[in-house]
Trainee: 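Dumping the structure here so I can ask a few things about it.
Since we're looking at a predicted model, the values are computed, not measured. Excluded from the calculations below are hydrogen atoms, water molecules and symmetry mates; all remaining heavy atoms, backbone and side chain alike, are included.
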Amino acid sequence: MKFTDSPVIELPVRDALLSIQQDNGSMHVGTSVWPCSLVLAKFVERWAPPQPTIQPSEKNPYSGLLDFRTSRRRAIELGTGCGAAGMAFYLLGLTDIVLTDISPVMPALKHNLKRNKPVLKKALKTSVLYWNNQDQIKALNPPFDVVIAADVVYIEESVGQLVGAMESLMADDGVVLLGYQLRSPEAHKLFWELSEKVFEIEKVPHEHLHPDYGYEETDVYIFKKKKKEEVE
């Protein structure tokens, strides 16, 4: 699979270079770097001010959404895994961010945070989070302005928990930035059925992805909460 063959994945982010170690032989999918996390990170890099990698003649349809300098936005990543997307978002200005995953994945995440500390310049916040654990969700002190998730839809049994966690964690005027690839037809069907009840969903056109990271099977979506009267 493209992007994931090497034991170490290098991800350039503006003037920095992240080095992410993965273990494809692990019992946990979270210890591999999946294309969605790279596609999502490079999409944001392409359009995020102050140095979007676009031509001066191009209009930036995401300038407001991805301008992390305008206010101190709280962010959380679900299913962080090895940390590629979360670390990239931090470097792109989303500095108030907490990276979450289940307990067995935490050693891989913390290893990569330590490995990249010279680039990050600080230790990023992490937290164990199981999507159906309401106490853990409350302990994170939601709401968050930005919820990040990449390649988190692959088991039908966890889909309802994921959608519930996204809804609980995000602010009413917040946004979910989702890197998505179809992994399971059953999980896919249920995820979109549940998501469409709660969120307004915008699919990013493929030509808006980073030209070097436009993996053909991977998409980026922008979720915003429906107004309460629309849900009822």
Side-chain angles (χ1 to χ4, degrees), residues 1-6 9-14 16-18 20 22 29 32-68 75 77-94 146-154 159 162-163 166 170 174-196 198-226:
M1 185 164 47
K2 191 179 179 184
F3 304 138
T4 61
D5 295 336
S6 170
I9 302 296
E10 291 191 336
L11 179 63
V13 182
R14 298 269 162 87
L17 183 66
L18 293 170
I20 305 131
Q22 64 173 351
V29 294
S32 294
V33 177
W34 298 98
C36 288
S37 61
L38 310 183
V39 172
L40 180 60
K42 295 298 281 190
F43 159 71
V44 174
E45 181 198 49
R46 181 179 180 188
W47 298 100
Q51 299 170 299
T53 54
I54 58 176
Q55 299 300 318
S57 59
E58 283 186 276
K59 290 184 178 178
N60 187 344
Y62 309 104
S63 57
L65 176 71
L66 301 178
D67 191 349
F68 303 134
E77 183 177 13
L78 305 182
T80 299
C82 294
M87 289 190 287
F89 273 80
Y90 172 80
L91 291 173
L92 291 166
L94 203 56
V146 182
V147 178
I148 302 157
D151 219 335
V152 289
V153 182
Y154 50 88
V159 165
L162 169 62
V163 175
M166 291 194 301
M170 72 183 290
V175 63
V176 173
L177 297 174
L178 174 72
Y180 187 85
Q181 183 171 346
L182 195 158
R183 297 292 182 190
S184 153
E186 296 78 17
H188 173 83
K189 182 173 182 290
L190 182 59
F191 177 75
W192 293 109
E193 284 177 359
L194 296 179
S195 294
E196 285 167 2
V198 181
F199 303 110
E200 297 286 351
I201 299 169
E202 175 189 348
K203 183 178 180 180
V204 171
H206 244 249
E207 59 267 26
H208 287 181
L209 302 180
H210 192 288
D212 297 330
Y213 290 79
Y215 186 54
E216 61 185 11
E217 296 178 18
T218 297
D219 291 299
V220 171
Y221 291 88
I222 299 165
F223 286 15
K224 295 180 180 177
K225 274 188 179 176
K226 286 184 174 179

Trainee: Can you check whether Leu11's main-chain N or O pairs, donor with acceptor, with Lys42's side chain at less than 3.5 Å?
Mentor: no
Trainee: Rounded at 0.5 Å granularity, tell me how far CG in Asp67 sits from CG in Asn60.
Mentor: 9.0 Å
Trainee: Could you check whether the rings of Phe68 and Phe89 sit parallel, tilted or perpendicular, using 30° and 60° as the cut-offs?
Mentor: tilted
Trainee: Do you know which two heavy atoms are closest between Val159 and Ala187, and how far apart they sit?
Mentor: CG2-O, 3.7 Å
Trainee: Atom SG of Cys82 and atom CG of Leu18: how far apart are they, to the nearest 0.5 Å?
Mentor: 12.0 Å
Trainee: Is there a side-chain contact between Asp219 and Gln181 (heavy atoms, below 4.5 Å)?
Mentor: no
Trainee: Please lay out, stage by stage, how Ile222 and Ile201 fare under the test side chain to side chain contact (heavy atoms under 4.5 Å, CB included).
Mentor: CA-CA 6 Å; Ile222 299 165; Ile201 299 169; over 6 Å; no
Trainee: To the nearest 0.5 angstrom, please state how far the CD atom of Glu196 sits from the NZ atom of Lys226.
Mentor: 7.5 Å
Trainee: Applying ring-ring contact (aromatic ring centres under 6.0 Å, His included), run through Phe43 and Tyr213 and close with a yes or a no.
Mentor: CA-CA 8 Å; Phe43 159 71; Tyr213 290 79; over 10 Å; no
Trainee: To the nearest 0.5 Å, what is the distance between CD1 (Ile9) and CD (Gln22)?
Mentor: 4.5 Å
Trainee: Ala85 and Ser37: which non-hydrogen atoms are nearest, and at how many Å?
Mentor: CB-O, 3.9 Å
Trainee: I'd like to know if the side chain of Trp47 reaches the main chain of Leu209, judged simply by a donor and an acceptor atom lying under 3.5 Å from each other, with no hydrogens or angles considered.
Mentor: no
Trainee: Would you please name every residue forming a side-chain contact (heavy atoms from CB on, under 4.5 Å) with Pro211, sequence neighbours left out?
Mentor: Arg46
Trainee: Using the six-membered ring wherever Trp is involved, compare the ring planes of Trp192 and Tyr180 and label them parallel, tilted or perpendicular (cut-offs 30° and 60°).
Mentor: perpendicular
Trainee: With the threshold set at 4.0 Å, does a side-chain nitrogen-carboxylate oxygen contact exist between Asp151 and Arg183?
Mentor: yes
Trainee: So, the side chain of His210 versus the backbone of Leu38: is there a donor-acceptor pair under 3.5 Å, distance only?
Mentor: no
Trainee: Can you see which heavy atom on Lys224 is nearest to which on Met170, and at what distance?
Mentor: CA-CE, 4.3 Å
Trainee: Rounded to the nearest 0.5 Å, what's the gap from CD on Glu45 to CG on Leu92? Could you check?
Mentor: 6.0 Å
Trainee: So, applying side-chain contact (heavy atoms from CB on, under 4.5 Å) with Leu177, which one of Leu40, Val204, Leu94, Val220 is it?
Mentor: Leu40
Trainee: Is the backbone of Gly83 close enough, under 3.5 Å, to the side chain of Thr80 for a donor and an acceptor to pair up by distance?
Mentor: no
